[in-house]
Amino acid sequence: MKNYKYYLPMFAVMVGMAACNSAAMPEKKVADTNGRQYTFAKVVQRPLAGSIRLPGVLAAFQKVSIYPRINGFVKSILVDRGTKVKKGQVLLVLEAPEVAQQYYAAQSKYIQAAAMFASSKDNYERTLATSETPGTISAHDLELSKARMLADSALMNSEQANFRAQEVNRSYLTVTAPFDGVITERNIHPGALVGPDTKVDDKPMLMLEQEDQLRLVLQIPEMYSAQLMKQSVVNFEVNAIPGQQFQGNISRQAGTLNEKYRSEAVEIDVQNAAHVLKSGMYTEVSLPLNGSARALVVPSTAIVMSTEKKYVIVIKDHHTKWIDIEEGNHHNDSTEVFGSLEANDQVIANATDEIKEGANIP
């Protein structure tokens, strides 16, 4: 097998179609006055459903570069390249004394504010209870007591929010796995000073990839993008594992065309529990197509390709007429065509560019 890059233009796509009905077959033969033999065939309206073969590439279903949220020194690294990890598993631990000190300072302020609020709340409740006896507590003193309690409550809430923020910062010193996967890169060692923007030779500290499920990414040429069978099973082969076939399901379509290559990105979910397949492998995919319901089918030999255009030669009132066409799907000796044709039009099945437009046909 040849290696392909999935992002290359798809103009040389290999197509293998399985027709749902028989192809347009030549009907009769005639000869002109010069003894030249012509074979005629009728244009048939029928989609050619089947499949095309396209190059693709496997990618990890999830892939993430791992950086710490705060600056610190690497205290310990608990994984290495090839380590399988579970979601929430500790990958590395940082140390940053200033973060710990800020945490303890915030904790102390919160405890102090909570104690002040508890005291002012108790004082207000006692004052309120005493004021029920007429003449014991003035209304002004009661309002002052309540205002002090509310102020201490607001201060306590503020210190609590700051304490929780420092608690979160402290938790960032422990870096954990966001999902199940395999560490595919490790570019850091204990003692290094790292932070949110840390890169080693333009690489992340750690790279985590999910490999038990993969994405097979294809670029579908524009002319086939409307013919995909959604949720259908797709067979593919891997260049690195010859002789073995794999399967996946069409899961996602981009819904828009790449302006440069005029193709649509399609993703196929591939289960990889045995880890036989690897991210980055090139594939050849057999992709099922519905065919176009508006397609007209002619024998492949009826299509004439010149340096300027593609056309078929239609017989109208015993004279030839060139009709420009665009090709669609192929199957054996039949081809879908699109142009100013109608079903049951008669075309020359053995057409060549030597047959001139307007020529008389008996």
Answer whether the closest heavy-atom distance between the side chains of [X] and [Y] falls below 4.5 Å.
| X | Y | value |
| --- | --- | --- |
| Lys316 | Asp345 | yes |
| Val270 | Arg215 | no |
| Arg53 | Val285 | no |
| His319 | Asn360 | yes |
| Leu91 | Val85 | yes |
| Asn272 | Phe61 | no |
| Ser263 | Ile220 | no |

Considering non-hydrogen atoms only, spot the tightest contact between [X] and [Y] and give its length.
| X | Y | result |
| --- | --- | --- |
| Ala349 | Ala41 | CB-CB, 4.2 Å |
| Met205 | Leu92 | CE-CD2, 3.8 Å |
| Ile325 | Val337 | CD1-CG1, 4.0 Å |
| Leu193 | Phe73 | CB-CE2, 3.9 Å |
| Asn350 | Thr39 | OD1-N, 3.0 Å |
| Phe179 | Gln62 | CZ-CB, 3.7 Å |

Between [X] and [Y], is there a donor-acceptor pair closer than 3.5 Å when you use the side chain of the first and the backbone of the second?
| X | Y | answer |
| --- | --- | --- |
| Thr136 | Thr133 | yes |
| Thr130 | Arg126 | yes |
| Gln245 | Glu237 | no |
| Gln102 | Val99 | no |

For residues 138-155, run the donor-acceptor check on the side chains, cut-off 3.5 Å, and write out each pair with its distance to 0.1 Å, sequence neighbours left out.
{"residue": "Ser138", "atom": "OG", "partner": "Asp141", "partner atom": "N", "Å": "3.2"}
{"residue": "Ser138", "atom": "OG", "partner": "Asp141", "partner atom": "OD2", "Å": "3.2"}
{"residue": "Ser145", "atom": "OG", "partner": "Asn123", "partner atom": "ND2", "Å": "3.4"}
{"residue": "Ser145", "atom": "OG", "partner": "Tyr124", "partner atom": "N", "Å": "3.4"}
{"residue": "Arg148", "atom": "NE", "partner": "Asp152", "partner atom": "OD2", "Å": "3.3"}
{"residue": "Asp152", "atom": "OD2", "partner": "Ser120", "partner atom": "OG", "Å": "2.9"}

Any salt bridge linking Asp324 with Lys309? Criterion: basic side-chain nitrogen under 4.0 Å from a carboxylate oxygen.
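Answer for the salt bridge query: yes.
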What I want to find out is whether Lys109 reaches Glu159 closely enough, with some N-O distance under 4.0 Å, to be called a salt bridge.
no
Tracing side-chain links under 4.5 Å among I, L, V, M, F, W and Y, which residues wind up in one group with Met207?
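Reading the cluster by chain and number, Met207 sits alone, since nothing else belongs.
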Under 4.5 Å between side-chain heavy atoms, chaining through other members, with only Ile, Leu, Val, Met, Phe, Trp and Tyr counted: pull out the rest of the cluster around Leu78, sorted by chain and number.
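Answer for Leu78: Val90, Val93.
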Steps toward side chain to side chain contact (heavy atoms under 4.5 Å, CB included) verdict (Thr283, Leu216)
CA-CA 8 Å; Thr283 66; Leu216 176 50; 3.3 Å; yes
Any chain of hydrophobic side-chain contacts (each under 4.5 Å) joining [X] to [Y]?
| X | Y | value |
| --- | --- | --- |
| Ile241 | Leu58 | yes |
| Leu94 | Tyr103 | no |
| Ile188 | Val182 | no |
| Val266 | Leu257 | no |

Check the surroundings of atom CD in Gln89: do more than 12 heavy atoms from other residues, nucleotides or ligands lie under 6.0 Å from it?
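Yes, CD of Gln89 has more than 12 neighbouring heavy atoms, counting only those of other groups under 6.0 Å.
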Matching residue for Leu206 among Val64, Asn187, Val79 - test: side chain to side chain contact (heavy atoms under 4.5 Å, CB included):
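Going through Val64, Asn187, Val79 one by one, the side chain to side chain contact (heavy atoms under 4.5 Å, CB included) with Leu206 is satisfied by Val79 alone.
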Nearest 0.5 Å please: distance from the [atom1] atom of [X] over to the [atom2] atom of [Y].
| X | Y | atom1 | atom2 | value |
| --- | --- | --- | --- | --- |
| Gln253 | Leu218 | CD | CG | 10.5 Å |
| Gln45 | Leu341 | CD | CG | 11.0 Å |
| Leu214 | Leu277 | CG | CG | 6.0 Å |

What verdict does the side chain to side chain contact (heavy atoms under 4.5 Å, CB included) test give for Asp269 and Gln213, after you've listed the backbone C-alpha separation in whole Å, the side-chain angles of each residue and the deciding distance to 0.1 Å?
CA-CA 7 Å; Asp269 286 350; Gln213 185 176 358; 3.7 Å; yes
Kindly write out the residues that satisfy side chain to side chain contact (heavy atoms under 4.5 Å, CB included) with Thr352, not counting sequence neighbours, or none if the list is empty.
Glu354, Ile355
Please collect all side chain to side chain donor-acceptor pair (under 3.5 Å) contacts where either partner lies in residues 74-84, sequence neighbours excluded, each pair once.
Asp80-Arg186
With no hydrogens and no angle check, just 3.5 Å: does a side-chain donor-acceptor pair link Glu209 and Thr184?
yes
Please report, to 0.1 Å, the donor-acceptor pairs under 3.5 Å made by any side chain of residues 160-178, with sequence neighbours excluded.
{"residue": "Gln160", "atom": "NE2", "partner": "Tyr110", "partner atom": "OH", "Å": "3.2"}
{"residue": "Arg170", "atom": "NH2", "partner": "Tyr104", "partner atom": "OH", "Å": "3.4"}
{"residue": "Ser171", "atom": "OG", "partner": "Val168", "partner atom": "O", "Å": "2.5"}
{"residue": "Tyr172", "atom": "OH", "partner": "Arg69", "partner atom": "NH1", "Å": "3.2"}

Let's go through Val194 and Asn71 carefully: what are the C-alpha distance in whole Å and the side-chain angles of both, what is the deciding distance for side chain to side chain contact (heavy atoms under 4.5 Å, CB included) to 0.1 Å, and is it a yes or a no?
CA-CA 6 Å; Val194 297; Asn71 295 322; over 6 Å; no
